[in-house]
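Single-structure report; data block below.
So you know, we letter chains A, B, ... as the sequences are listed, proteins then strands, and number each from 1.
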Protein chains: 2
Amino acid sequence: MATRSTAEAQRTGGRTDAASMRRANTGLILRHLRDQGGRSRARLAAETGLSKATMSTLIAELVERGLVVEGQPDRAGAVGRPGLTVTLDGRGVCGLGVEISVDYLSLIAVDLSGTVIRESTRPIDAANLPAADVIARVADLLGETLASLRSAGVRCVAITVAAPGFADSDTGIVRLASNLGWRDVALVDDLKQSLGQEVPPISAQHDAKLGAVAELAQLAGRDVEDLLYISGDVGVGGGIISGGQIMRGAKGSAGEIGHLPLDPAGRQCACGRRGCWETMVGLAAFLRLAADEADPVRNPGRPLEDRLRELHRRAEDGDERTLSALATVAEGLGAGVSILVDILDPLLVVLGGYFAWFEEWLIAPVADLVVERRLNPDTEVCRVVGSSLGLTSAARGGAHYSIDRVFQDPSVVSS
Amino acid sequence: MATRSTAEAQRTGGRTDAASMRRANTGLILRHLRDQGGRSRARLAAETGLSKATMSTLIAELVERGLVVEGQPDRAGAVGRPGLTVTLDGRGVCGLGVEISVDYLSLIAVDLSGTVIRESTRPIDAANLPAADVIARVADLLGETLASLRSAGVRCVAITVAAPGFADSDTGIVRLASNLGWRDVALVDDLKQSLGQEVPPISAQHDAKLGAVAELAQLAGRDVEDLLYISGDVGVGGGIISGGQIMRGAKGSAGEIGHLPLDPAGRQCACGRRGCWETMVGLAAFLRLAADEADPVRNPGRPLEDRLRELHRRAEDGDERTLSALATVAEGLGAGVSILVDILDPLLVVLGGYFAWFEEWLIAPVADLVVERRLNPDTEVCRVVGSSLGLTSAARGGAHYSIDRVFQDPSVVSS
DNA sequence: CCGAGTTAGTTCGCAGTTTGGCCTAATTCG
DNA sequence: CGAATTAGGCCAAACTGCGAACTAACTCGG
């Protein structure tokens with residue numbers, strides 16, 4: 001069986017040498033500290049299977065690189081010499097994620113422990129600007145952030161750009177992003193050009209895939225390896241995590257779930273077909289169901305958050321029309337989710353985007369439908385939850401995807 | 001991001017030591033020889049990135065273990081000392097796969113180069129026998145085969161049993177196999193008990209997943225890492241290969257594609273829902289469409305192969321009813337396949353089971369539907385082909401899955 | 001207050017692995 | 001037949017992780 005090369009294998013071209021060994025083991029320790037929390041060298045050795053001697057030298061290297069610190073005594077009061085707790089301390093390094101959306105650019109930086117250390121959002125009218133201008137704004141935002149991080153003494157290890165469309169993660173070219181009107185835009189190369197030589201590696205990824213990464217990071221240490229993230233926007237996108245890895249697909253477009261043909265007699269979709277899932281549960285469908293055209297919540301000039309807030313208030317107030325719209329969306333959502341659950345068998349389904357805003361009315365009915373339609377009544381059914389990450393989950397996922405390099409290979413951050 | 005432990009990491013509990021390093025590198029060489037064919041040490045060293053010195057010692061180990069042989073001179077006629085071609089020669093080791101089907105047991109053994117060295121099929125009426133009796137017959141078949149292999153000097157490195165249902169690959173328990181009437185059967189443990197101590201490791205896997213593995217093995221070296229296999233039997237099952245790995249899912253049931261609700265007004269399905277995909281394109285549906293109840297092809301007493309052969313003849317003869325049934329099945333098949341292609345983005349869709357028997361009438365219409373429904377007209381569309389492996393693909397996949405251990409870690413075969 | 005017992009972490013020699021350089025072997029070319 | 005070229009083996013060097021011995025720091029019981 002062929003095996004897609006991992007980050008580690010790529011560095012050496014598939015072979016394993018002494019340096020790979022060390023990289024793999026330091027990465028293992030770092031991941032263990034992230035997932036299980038700080039602990040003594042002795043415990044780390046016992047839990048990872050490495051010897052105490054090796055642990056000492058590897059921890060020394062990680063301290064040297066500024067990725068962990070020695071802290072308070074462990075097990076105070078217990079018999080024997082107390083161990084010194086080793087804790088993740090990656091305040092000196094960070095990963096960056098930028099999301100290019102139709103109406104805003106959003107940037108997030110997280111440090112090694114997953115803490116958000118920079119966050120900014122800028123409105124933009126991406127659909128009506130040439131791609132070059134949008135990229136220039138992204139470059140500006142990145143340039144400023146990098147400068148600010150540099151002066152704060154924080155190194156950025158990688159940048160991941162979330163693009164709302166088919167992004168070829170090898171070449172960094174966005175093949176097609178219909179909401180932006182993009183086609184074959186060399187996003188990564190253009191950004192590299194604008195930012196100059198001294199810039200961390202940049203990659204591009206589909207936004208929903210990064211949303212899934214963000215949710216996975218949120219659950220770090222809880223042994224979730226199979227997860228489906230569904231982004232609810234004008235389009236409906238999916239990010240699939242299988243066995244702890246993002247599912248790419250042959251052309252990088254796995255997870256395109258917005259066009260499930262669920263209603264043969266349904267409305268015309270932008271893709272040309274009829275009755276696609278997103279014509280039933282996408283943001284446009286919800287707004288159409290919930291309000292008349294003249295209603296301010298359907299005014300595309302107003303910020304989306306305001307309009308959603310207003311609709312949320314109406315739902316809380318028991319407005320019939322809003323509640324019925326939510327019920328309709330929930331039904332369509334449940335139908336699609338239960339199909340996906342059958343095929344993909346995730347442990348967890350996370351509803352993001354606007355779905356998360358209305359989780360009080362959407363989650364329960366969707367979860368019920370999944371239970372009702374499950375095939376094997378014995379097995380535990382997968383959970384359905386709303387995302388808690390808001391509208392910036394793709395940027396956050398990009399940041400986590402970036403910082404993940406360090407957990408795969410701590411030597412990327414030079415001491 | 002959590003990463004499901006690989007076979008290699010499992011051996012050492014996640015850490016990497018010198019022995020892991022050697023295992024990884026010998027495995028790399030073996031896979032390279034399998035995928036790229038025999039070649040000299042010098043070429044191997046250049047292509048894998050290992051040094052010539054290392055290559056010498058590792059090849060020596062592989063020769064010692066009886067997995068490769070030195071053969072004819074390479075590059076005869078060219079300038080310089082000709083290299084000796086090193087070739088895979090695993091005639092001394094094999095992997096075993098057994099498929100438990102409703103009406104037959106099927107066993108296949110493949111050696112290291114993928115050649116089938118044992119093949120046998122026994123009829124069985126599995127649905128009307130207690131699980132214990134079925135397992136006893138499987139144990140008989142395995143016992144005889146193992147004895148025969150032993151006397152031929154061939155070592156069996158592992159056994160993989162294809163079960164037609166939810167199989168927990170960790171515990172070896174078949175949770176639910178509705179066609180057999182099985183529920184929580186400790187398949188692997190019972191087999192181990194029957195076969196005694198001196199037996200290779202046994203594992204159980206869903207049959208469609210192993211079908212996908214068989215197809216992947218068929219394509220070894222052709223850089224296919226994302227593949228969808230669809231088995232057409234009474235039920236319709238799927239096996240997903242993503243990034244070169246079988247997609248398991250959280251509970252091991254990823255790929256359950258038979259119950260896509262494609263026709264809300266459709267027929268009642270055995271699962272309790274209505275209009276599931278397999279009620280449209282499963283074997284039962286095809287037979288129902290193609291012949292009256294009294295027709296001998298619908299007599300469940302006759303061997304399935306005979307009945308399919310008869311229907312194939314009718315289709316070749318241009319029989320209206322048969323052709324119209326095939327057209328209907330093709331339409332339903334295309335609808336489902338294009339959904340799956342959207343979600344999973346495979347490079348290749350392989351239709352197995354009875355679909356493969358009728359590929360002349362099914363492939364083209366299905367492929368056309370996939371093309372017609374694709375989302376992004378720029379990208380190359382995925383190919384749809386019929387399986388060439390016949391009804392034994394699950395057993396074959398099990399055999400390949402078994403022998404794959406050696407490619408991951410050649411040290412499993414002791415010299 | 002003190003010694004025994006216990007646990008943490010370091011040091012050091014050892015075994016295993018890959019590597020680069022050097023050598024020999026085998027072939028072609030002129 | 002000698003020069004050039006390529007393959008493959010051998011060996012010391014560098015690096016890794018490991019086990020054992022050792023030191024350090026603490027608790028417990030008398």
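B:N25 has no side-chain polar atom (N or O) that falls below the 4.0 Å cut-off from OP1 or OP2 of C:dT17.
For the pair A:D74 CG and C:dT7 P, the computed distance is 13 Å after rounding to whole Å. B:R23 has its CZ atom 13 Å from the C1' atom of C:dT17, to the nearest Å. Here C:dT18 presents its C1' atom at 10 Å from CE of A:M21, a figure rounded to the nearest Å.
Here the straight-line distance linking atom CD1 of B:I246 with atom CG of B:L210 works out to 6.0 Å at 0.5 Å rounding. The OG atom of B:S113 lies 9.0 Å from the CD1 atom of B:I403; values are rounded to the nearest 0.5 Å. Going from atom OG1 of A:T26 over to atom CG of A:L50 covers 10.0 Å, rounded to the nearest 0.5 Å. In this structure, the separation between CD on B:Q218 and CG on B:L227 is 11.0 Å, given to the nearest 0.5 Å.
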- Would you please test B:L30 and B:L88 for side chain to side chain contact (heavy atoms under 4.5 Å, CB included) and show each step? CA-CA 7 Å; B:L30 223 49; B:L88 222 56; 3.8 Å; yes
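Annotation: side chain of B:I159 is not in contact with side chain of B:L191 (no heavy-atom distance under 4.5 Å).
With B:R41 contributing its side chain and B:S56 its backbone, the two residues share no donor-acceptor pair below 3.5 Å. Side-chain atoms of B:T115 never come within 3.5 Å of backbone atoms of B:D111 as a donor-acceptor pair (strictly under, hydrogens ignored). Side-chain atoms of B:D168 do not come within 3.5 Å of backbone N or O of B:I173 as any donor-acceptor pair.
Running 5' to 3' along DNA chain D, contacts with non-hydrogen atoms of chain B at under 4.0 Å begin and end at D:dT5 to D:dC18.
Comment: A:D409 engages A:R23 in a salt bridge, judged by a side-chain N to carboxylate O separation of less than 4.0 angstrom.
The stretch residues 78-88 of chain B touches DNA chain C through B:A78, B:V79, B:G80, B:R81, B:P82, each having a heavy atom under 4.0 angstrom from the strand. Contacts with DNA chain C (heavy atom under 4.0 Å) in residues 38-57 of chain B: B:L50, B:S51, B:A53, B:T54, listed by number.
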